[in-house]
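Per chain, numbering begins at 1; letters A, B, ... match sequence-line order.
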2 protein chains.
Amino acid sequence: MTEITKLQSACSQCNLQELCLPVGLSETELSVVDNLVGERRKIARGEAIFRSGDRFTAIYAVKLGFFKTEVLSEDGRHQVTSFYMTGEVLGMDGISAETHHCDAIALEDSEVCLIPFHELETISVKVPTLQRHLHRVMSREIVRDQGMMMMLGAMHAEERVIAFLLNLSQRYAARGYAARDFNLRMTREEIGSYLGLKLETVSRTFSHLQEEGLLQVEKKHIRLVDTVRLKKMLSQDRL
Amino acid sequence: MTEITKLQSACSQCNLQELCLPVGLSETELSVVDNLVGERRKIARGEAIFRSGDRFTAIYAVKLGFFKTEVLSEDGRHQVTSFYMTGEVLGMDGISAETHHCDAIALEDSEVCLIPFHELETISVKVPTLQRHLHRVMSREIVRDQGMMMMLGAMHAEERVIAFLLNLSQRYAARGYAARDFNLRMTREEIGSYLGLKLETVSRTFSHLQEEGLLQVEKKHIRLVDTVRLKKMLSQDRL
DNA sequence: CGCAATTTTGATTTTGATCAACTTCTGTGG
DNA sequence: CCACAGAAGTTGATCAAAATCAAAATTGCG
């Protein structure tokens, strides 16, 4: 029984390898990683992997499910800073001060693989491929955040919503899911928080894009009807 | 002559150590770093260290001067994503794709220390303290970006301007400069771009805060008159 | 099933953008 | 060293986008 569990949770057996792990590890390197990534943890919908202020010990690869991270300022304000889906790695905000700076909340029943960070640092000394991969994952987060700032600082409501949907679409596609047809895991309010908009604005924008025949919205289900035109609306606007 | 230049550019002799390098390196470790951080490069005002699309080879520690980074989307839009001052490290956006995703422009005549990244990776295998420091620096950038998103997504114009000034103040203070009295290195337009506001709004907000007796503005010179109240305005608003 | 949470839609207000005019500053060449 | 052109900054009037307030409809837990 424990045998089976172990086998299932081994990175070498995981079908997400390409996403959270570097490709091209040797057999022996893979087994090192298998030993590193020990625990797998179930997180029920609404529960947190970690919260702001928690001591940082590990980063987490999403094995299954969907997460949001949100930061909260001293006053009541809070903002969703990111959504994470299968194969993506979260928690790297905690490295700098050994403390997490945001809450990571499951938007559906989920499962994460726990990667103890200090062990990862130790091991990556011996497996340079792993070290480079870690740096890339962190850098990718930086680049993504820059894009986000661009969006929040320079785009209008409609453009933000379109960019959000196209980004989701592209990430689903990368995972082999339908790119044009998917279910939102988050509420309008969470989308709004992420995009720096109010939930009413998100709702109105959905309705408007539907009227224009660009997409179909039915509660949480989205169908992108005209991706070409949607993409054009992103780059063309404000020329 | 070359002797002197070498000595001057050696990290072990640099008065910024605490900022861009880890504390507590041994003599031998420091000399390793000295060899790594080879070149020092002067960047004239208005010139770029690197531009979007440039091949990534190194990260850069600001030895002297002041920089902005800005991202540009396919259409003409561009946005300032960060300002960097003495002792801060920039260029880490390039790691993920071996290509830079933004322009890094000097706002005054400046000097940077060039840290070849692949060599840094190699060496950090032998100097774990250095590896950990690198990870912290990268993580700090992620945390900073999250704060920025919060600001762009959840704050009003006046709050953004205040947050911006207080952040500058705090960074100047950390470098031993006056915290309440400093010169802006960037234009109103650049501040606006960074804060997701128009330059007129920045100007008006300055004027308004001055009328309120919270600060004094004279062209590029800022004096924070009532930091206590300014801080309060940040956290109290929207309660 | 029932109630709280979520979503949609409408009316109104507010914030910051836009347009415009004018001033000040900076740096350059005569 | 001054004149001048272009850049940068201020201020005012108006406009537009998104927020806010409000009410009704729908959904999905427990």
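- Taking atom CD of residue A:Glu189 and atom P of nucleotide C:dA4, one finds them 18 Å apart after rounding to whole Å.
- Relative to the side chain of B:Thr187, the nucleotides C:dG27, C:dA17, D:dG9 differ in distance, and D:dG9 lies closest.
- Closest approach of B:Arg229 to B:Glu212, counting heavy atoms only: NH2-O, 3.0 Å.
- Rounded to whole Å, atom P of C:dC25 lies 14 Å from atom CG of B:Asn183.
- Counting any heavy atom pair closer than 4.0 Å across all strands shown, B:Gly196 reaches sugar-phosphate atoms only and no base atom.
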Can you list the steps and then say if B:Thr69 with B:Ser82 is a side-chain hydrogen bond (donor to acceptor under 3.5 Å, both in side chains)? CA-CA 5 Å; B:Thr69 50; B:Ser82 238; 4.6 Å; no
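- D:dA17 atom P lies 19 Å from atom CG of A:Leu152, rounded to whole Å.
- With axes fitted over five pairs at each extremity, the angle between the ends of the helix from C:dC1-D:dG30 to C:dG30-D:dC1 is 50° (10° resolution).
- Close placement of the A:Tyr60 and A:Phe50 rings is indicated, their centers lying within 6.0 Å of each other.
- One can place CD of B:Glu159 at 14 Å from C1' of C:dG16, the figure rounded to the nearest angstrom.
- In this structure, B:Tyr194 and B:Thr81 approach most closely via the heavy-atom pair CE1-O, 3.4 Å.
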Polar atom pairs between nucleotides 8-12 of chain C and protein, under 3.5 Å, N or O only, would you list them?
residue: C:dT8; atom: OP1; partner: A:Arg188; partner atom: NH2; Å: 3.1
residue: C:dT8; atom: OP2; partner: A:Arg188; partner atom: NE; Å: 2.8
residue: C:dT8; atom: OP2; partner: A:Ser203; partner atom: OG; Å: 2.7
residue: C:dT8; atom: O5'; partner: A:Ser203; partner atom: OG; Å: 3.1
residue: C:dT9; atom: OP2; partner: A:Ser207; partner atom: OG; Å: 2.6
residue: C:dG10; atom: N7; partner: A:Arg204; partner atom: NH1; Å: 2.9
residue: C:dG10; atom: O6; partner: A:Arg204; partner atom: NH2; Å: 3.1
residue: C:dA11; atom: N6; partner: A:Arg204; partner atom: NH2; Å: 3.4

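- For the pair A:Asp103 (side chain) and A:Ser52 (backbone), a donor-acceptor distance under 3.5 Å is present.
- Counting to the nearest Å, the P atom of C:dT7 and the CE atom of A:Met186 are 11 Å from each other.
- Whole-Å rounding puts the B:His156 NE2 to D:dA17 P distance at 18 Å.
- Remark: C1' of D:dT20 and CG of A:Leu197 are 14 Å apart, rounded to the nearest angstrom.
- For B:Phe66, the ring-ring contact (aromatic ring centres under 6.0 Å, His included) test picks out no residue, with sequence neighbours left out.
- Relative to the ring axis of B:Phe56, B:Arg51 does not place its NZ or CZ within 45° and under 6.0 Å from the centre.
- Within the cation-pi definition used here (under 6.0 Å to the ring centroid, within 45° of the axis), A:Arg144 qualifies as a partner of A:Tyr84.
- Under a 3.5 Å cut-off, the side chain of B:Glu141 and the backbone N or O of B:Met138 do not form any donor-acceptor pair.
- Taking atom NZ of A:Lys198 as the reference point, atom P of C:dT6 lies 15 Å away to the nearest angstrom.
- Residue B:Lys220 places at least one side-chain N or O under 4.0 Å from the OP1 or OP2 atom of D:dG9.
- Within 4.0 Å of B:Arg160, counting heavy atoms only, lies no atom of the nucleic acid at all.
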